[in-house]
*Asks:* 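The structure under discussion is supplied below as structure tokens; questions concerning it will follow.
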Amino acid sequence: MKDYGKITHFFKDGSRPQASCKSTACWNKRNHPKRRHYLEERYNAQKIEKKWQEFWDREKLFAVTEEAGRPKFYCLEMFPYPSGRIHMGHVRNYVIGDVITRYKKMRGFNVLHPMGWDSFGMPAENAAIKHGVHPSKWTHENIAYMKDQLKKMGLVYDWQREVTTCSPEYYKWNQWFFLKMLERGLAYKKASSVNWCPSCETVLANEQVVNDGCWRCDTAVVQKDLEQWFFKITAYAEELLKDADTLSGWPEKVVTMQRNWIGRSEGVEVDFRITGSERKLRIFTTRQDTLYGATFMSVAGKHPVIQELVKDEEILRQIKALSDDPEEKQGVFTGCYAENPLTGDSIPVYAANFVLMEYGTGAIMAVPAHDQRDFEFAKKYNIPLKVVIVERSGDVSVDPSNPGTLESSDPKEAFEDYGTLVKSGPYSGLSSEEKKKKIADFLEREGLGKKVVNYKLRDWGISRQRYWGTPIPIIYCPSCGIIPVPEDQLPVILPEDVHISGKGGSPLAETKGFVNIKCPRCGADARRETDTMDTFVDSSWYFIAYCLGGNEKVDFNSELSTLNSQLSYWMPVDQYIGGIEHAVLHLLYSRFFTKVLRDLGLVRVNEPFKSLLTQGMVIKDGAKMSKSKGNVVDPDFLVGKYGTDTVRIFSMFAAPPERDLEWSDQGVDGALRFLNRIWTFIYKNHDVLSIKAGNQLKDVSHFSASASQLLRKTHQTIKKVTNSIERDYHFNTAIAALMELVNETLAFSPSDEDERDLLRYTVRQVILLLSPFAPHFSEELWREIGESGVLFNENWPAWDDDIAKDEEIELVVQLNGKVRARITIAAGLDDDTIRERAFSDEKIQELIKGKSPRKVIVVQGRLVNIVI
RNA sequence: GCCGAAGUGGCGGAAUUGGUAGACGCGCACGAUUGAGGGUCGUGUGGGGAGACCUAUGCGGGUUCGAGUCCCGCCUUCGGCACCA
């Protein structure tokens, strides 16, 4: 175990950062050579930040190893796509993580805080098309630049664990997972109608279509029939849903979005016999209680039954011509009739534009009286309604034989609620809920149907017709068919010498050296798969790669026991921080991958992320920062102008992390002012403060009122800052509390040596509390007050509740709930005494003169309310 | 349409279990320092009123000694889903 506490020098070569008082006005320089200033007179952020960044980097202070018995904390921020430069959203995200990391470190945790690059993806290809630079070169240059930016922000990571998803060492394992999933039937290929982005010229998964547009470029998505590879995420639908209940550290909003996305519904599948045919039409419904009310059926335009049974060309033409406008219900009568299995009624079968082939069975029974869509459809095509459920109306019981039907009363809309059944044969008079179960049982018993569970969640299509991604390790052989690349031939390297034109299809298809290959089974000429994987595959397990030591160290074939000891030490991620935009996409895929990896015996956790913090956007002038709006703030510029500590303080102070943050240049000035005031104060009081403070105060009994107050405030602040961080990472209130303490500290003038001790003690606590937020600044001041260790190896300050307790409190005296007086009393008096004090107040006596109070309420530490 | 979150000074935002509304910061005003500006420091700052006081947390009700906080009904804004049978 590293003993950080014993570091006495600063750099490995034994040199120390030089004390640097250049001020000629500094008398200490002449008179007290042994107590020289460490600080310069003025706060020069650029200078000190560079120094400490080099120091942290050189000492690798955030390199961690598993230490059995020491509590771990895995703090993770969503890794960036290396688009070229860090933006303010990154700054906010990563500063939050850095503050948590430094805080947890000071609380004694073994903190894993890694960083990497989500470096496969379209912008690299676009750059290649536009500027003729190879995606690889472009990506690696961006990574180098952005890594430097992160360091300049004072973010500390275990860079030894860095991952870069576009490197073969990394994407090899994407391919390996693919093969493992193929073996288990979790990866498969099928032809289907897919979402196609004409601009990106690639397929998109369902989750990646946002408002009918591409999640990346907003281009309208079209449907296209293609063969592509899928991951069978639906095999885990039930578990993903069930385990959503265990995500107590996640925002409820995100969990709800995932539940809705999975979209579980319980119902029955029922077979309807088609009149004059052996063909049965299977439908899915969750409202089998309305089965008696079915007056027609609807099937999707693409339903196979149409091809089988409809012979009339004109009808087929009309079905094809059905509009896909969601506003307008449209249908065509197929000429077929079906039999209701419960009533034997013959009802017409329509093709309808609102029935989805992809959900359920692609066919429904239509109950216009109890489903709004069916209702609208029935009205349009003059199909009769049959009311089978009526509202339960209090104590008025409905006579099942004569329900007073709504049929004649021409309802305006369908009655979709549960209620009491009418006109439903033997089930009449029962409640919907009761009948649902009975009918389901009956159908199952009679072989007419079965209970099923349906999900909205679709399998995850991962094929992308792009170059800059992980090659799918598959070979197509004319005689052997689809052959997986043998495991020992991984990775299938993405060739570098390709021509990227941006015109149609993947460039890999035209790269002969890549495509043409011998079949590993029979040796015949064969072709490689030229699609690459969705980049969300890369980000679905990167948090596991970090645990194993980063890019080069990942090896899932190595001894499982070694793997397991690393993974079970670090996993799950204790705190994950990132944008809400991944609420479904990345977070759902990662949960799925974790479960698959668990079933492969690689990890032991069911869920990857214990707690999730979704930070708000950074906005300016009321809108999200964007080039087109011209309201972007450049982090490089800010750090150059103010220094990163000021930027960090403002970012953490201006709003709680989950809310949007309105950027304010004047607010940043204020943050700098705050730091400057502390700096100047410590510099000016050098002769008092440069003496190292003890951890205990000697004698506080004779303290002046102002000294007692400062001591109390110090402990109150430690408590408040700690609680703000622990409770919900509300750094804004933590910093506000620190500002209050600083204000009081600066106003304090000690009157003797014990009180000077107090000042030293308080300043020491301030620096410790400030250090996660303004780390460079704090390290510098730490030296000035005679300390030598590294700040984040110090213990986080503790408070004493007895000292933090107020001795005197101001009490509000209310008359009938309105504040009428304020009295100052000693803390801890009993109710009777407090009441007495309240009544003896002159103003109160005046106001209640002659009246006798009806009631007096005493709230300890708060107020007295006299009701007259 | 359905689901969820949020509405507090000129602005960003504070307010354990219902208990002093507006902490902290920005801005603004006045004063000090300075030749001047900037910077820094001090004082003040929800609205109304000379004042005692009155009035204020989107709007309207309710519960309570007491409501930003709890309940009912609306309005607005922002997110998510949107024919899922």
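Any value given below was found using the heavy atoms of this structure, including those in side chains, with hydrogens, waters and symmetry copies removed. Here is the naming used below: chain letters follow the sequence lines, and residue numbers restart at 1 for every chain.
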*Asks:* Who is the Watson-Crick or G-U wobble partner of B:G51, with both distances under 3.5 Å?
*Replies:*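 Partner of B:G51: none found under 3.5 Å.
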*Asks:* If you measure only the distance, is there a donor-acceptor pair under 3.5 Å linking the side chains of A:Glu416 and A:Gln372?
*Replies:*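 A:Glu416 vs A:Gln372: no donor-acceptor pair found between side chains.
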*Asks:* For A:Thr733 and A:His730, indicate whether the former's side chain and the latter's backbone hold a donor-acceptor pair under 3.5 Å.
*Replies:*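 Yes.
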*Asks:* Could you give the distance separating B:G12 and B:G22 at their C1' atoms, to the nearest angstrom?
*Replies:*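 The answer is 13 Å between these two C1' atoms.
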*Asks:* Paired with B:G37: which nucleotide, if any, by Watson-Crick or G-U wobble criteria at under 3.5 Å for both distances?
*Replies:*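 In the structure as shown, B:G37 has no Watson-Crick or wobble partner.
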*Asks:* Does B:G9 adopt a syn or an anti glycosidic conformation, taking syn as a chi angle within 90° of 0?
*Replies:*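 For B:G9, whose glycosidic angle is within 90° of 0, the conformation is syn.
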*Asks:* Sort out the partner of B:C2 for me: Watson-Crick or G-U wobble, both distances under 3.5 Å, none otherwise.
*Replies:*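 Pair assignment: B:C2 / B:G80.
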*Asks:* Just say parallel, tilted or perpendicular for the rings of A:Phe777 and A:Trp679, cut-offs at 30° and 60°.
*Replies:*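 Tilted, since the angle between the ring planes falls between 30° and 60°.
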*Asks:* Does A:Gly331 offer a backbone N or O that forms a donor-acceptor pair with the side chain of A:Tyr381 under 3.5 Å?
*Replies:*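 Such a contact is found between A:Tyr381 side chain and A:Gly331 backbone.
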*Asks:* Could you tell me how far apart A:Asp665 (CG) and B:C11 (C1') are, to the nearest whole angstrom?
*Replies:*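 Taking atom C1' of B:C11 as the reference, CG of A:Asp665 is at 14 Å.
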*Asks:* Mind checking the C1' distance from B:G49 to B:A56? Whole angstroms is fine.
*Replies:*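 B:G49 and B:A56 have their C1' atoms separated by 15 Å.
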*Asks:* Reading nucleotides 77-85 of chain B from the 5' end, what letters show protein touch, with B for base, S for backbone sugar-phosphate only, - for no heavy atom under 4.0 Å?
*Replies:* ---SS-BBB
*Asks:* Can you check the distance between B:C70 and B:C83, where both ends of the measurement are the P atom (answer in whole Å)?
*Replies:*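 Their P atoms lie roughly 35 Å apart.
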*Asks:* Applying a 3.5 Å limit to both distances, which nucleotide forms a Watson-Crick or G-U wobble pair with B:G7?
*Replies:*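 B:G7 is paired with B:C75.
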*Asks:* Quote, to the nearest angstrom, the C1' distance that separates B:G73 from B:G48.
*Replies:*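 Roughly 31 Å separates the two C1' atoms.
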*Asks:* Using the C1' atoms only, state how far B:U57 lies from B:G7, rounded to an integer number of Å.
*Replies:*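 It comes out at 9 Å once rounded to the nearest Å.
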*Asks:* Is the distance between the ring centroids of A:Phe731 and A:Phe653 under 6.0 Å?
*Replies:*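 So the answer is no for these two rings.
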*Asks:* Tell me, please, whether A:Phe377 has A:Lys329 positioned over its six-membered ring: NZ or CZ under 6.0 Å from the ring centre and within 45 degrees of its axis?
*Replies:*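 A:Lys329 over A:Phe377 ring: no.
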*Asks:* Go through the side-chain N and O atoms of A:Thr234 and A:Asp459 and say whether any donor and acceptor fall under 3.5 Å apart.
*Replies:*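 Yes, because at least one side-chain N or O of A:Thr234 sits under 3.5 Å from a partner of the opposite role on A:Asp459.
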*Asks:* Determine the contact category for A:Arg820: base if any of its heavy atoms lies under 4.0 Å from a base atom, sugar-phosphate if only primed atoms, P, OP1 or OP2 are that close, otherwise nothing.
*Replies:*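 Here A:Arg820 touches the backbone only, sparing every base.
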*Asks:* Tell me the partner of B:A56, counting only Watson-Crick (N1-N3 plus N6-O4 or O6-N4) or G-U wobble (N1-O2 and O6-N3) with both under 3.5 Å; none if nothing fits.
*Replies:*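 With both distances under 3.5 Å required, B:A56 matches none.
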*Asks:* Looking only at atom C1', what distance separates B:G46 and B:A23, rounded to whole Å?
*Replies:*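 To the nearest whole Å, 15 Å.
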*Asks:* Can you tell me how far C1' of B:G13 sits from CZ of A:Phe731, to the nearest Å?
*Replies:*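 Between C1' of B:G13 and CZ of A:Phe731: 16 Å.
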*Asks:* If we take the P atom in both B:U69 and B:G58, what is their distance in whole Å?
*Replies:*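 After rounding to an integer number of Å, I get 8 Å for this pair.
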*Asks:* Let me have a per-nucleotide readout for nucleotides 15-33 of chain B, 5' to 3', with B, S or -, counting only protein heavy atoms under 4.0 Å.
*Replies:* S---BB--BBSSS------
*Asks:* Give the intermediate values and the outcome of side-chain hydrogen bond (donor to acceptor under 3.5 Å, both in side chains) for residues A:Tyr292 and A:Asp345.
*Replies:* CA-CA 9 Å; A:Tyr292 279 85; A:Asp345 288 351; over 6 Å; no
*Asks:* Could you state the atom-to-atom distance from NZ of A:Lys818 to C1' of B:C53 in whole Å?
*Replies:*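 Computing the A:Lys818:NZ to B:C53:C1' distance gives 10 Å.
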*Asks:* Write down the distance separating the C1' atoms in B:A6 and B:G51, rounded off to the nearest Å.
*Replies:*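 Their C1' atoms lie roughly 40 Å apart.
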*Asks:* Going by heavy atoms in the side chains, are A:Phe650 and A:Leu672 under 4.5 Å from each other?
*Replies:*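 Sidechains of A:Leu672 and A:Phe650: no contact.
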*Asks:* Assess the side chains of A:Gln860 and A:Asp831: does a donor N or O sit below 3.5 Å from an acceptor N or O?
*Replies:*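 Yes, a side-chain donor-acceptor pair sits under 3.5 Å.
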*Asks:* What is the base-pairing partner of B:A29, counting Watson-Crick and G-U wobble geometry with both distances under 3.5 Å?
*Replies:*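 WC or wobble partner is B:U43.
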*Asks:* Is A:Lys843 near enough to B:C53 that one of its side-chain N or O atoms lies under 4.0 angstrom from OP1 or OP2?
*Replies:*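 For B:C53, OP1 or OP2 has a side-chain N or O of A:Lys843 closer than 4.0 Å.
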*Asks:* Using Watson-Crick or G-U wobble geometry with both distances below 3.5 Å, tell me the partner of B:C65, or none.
*Replies:*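 Base partner found: B:G19.
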*Asks:* Going by distance alone, is a donor N or O of one side chain under 3.5 Å from an acceptor N or O of the other, for A:Asn195 and A:Gln223?
*Replies:*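 There is such a pair (donor and acceptor under 3.5 Å, judged by atom type) between the side chains of A:Asn195 and A:Gln223.
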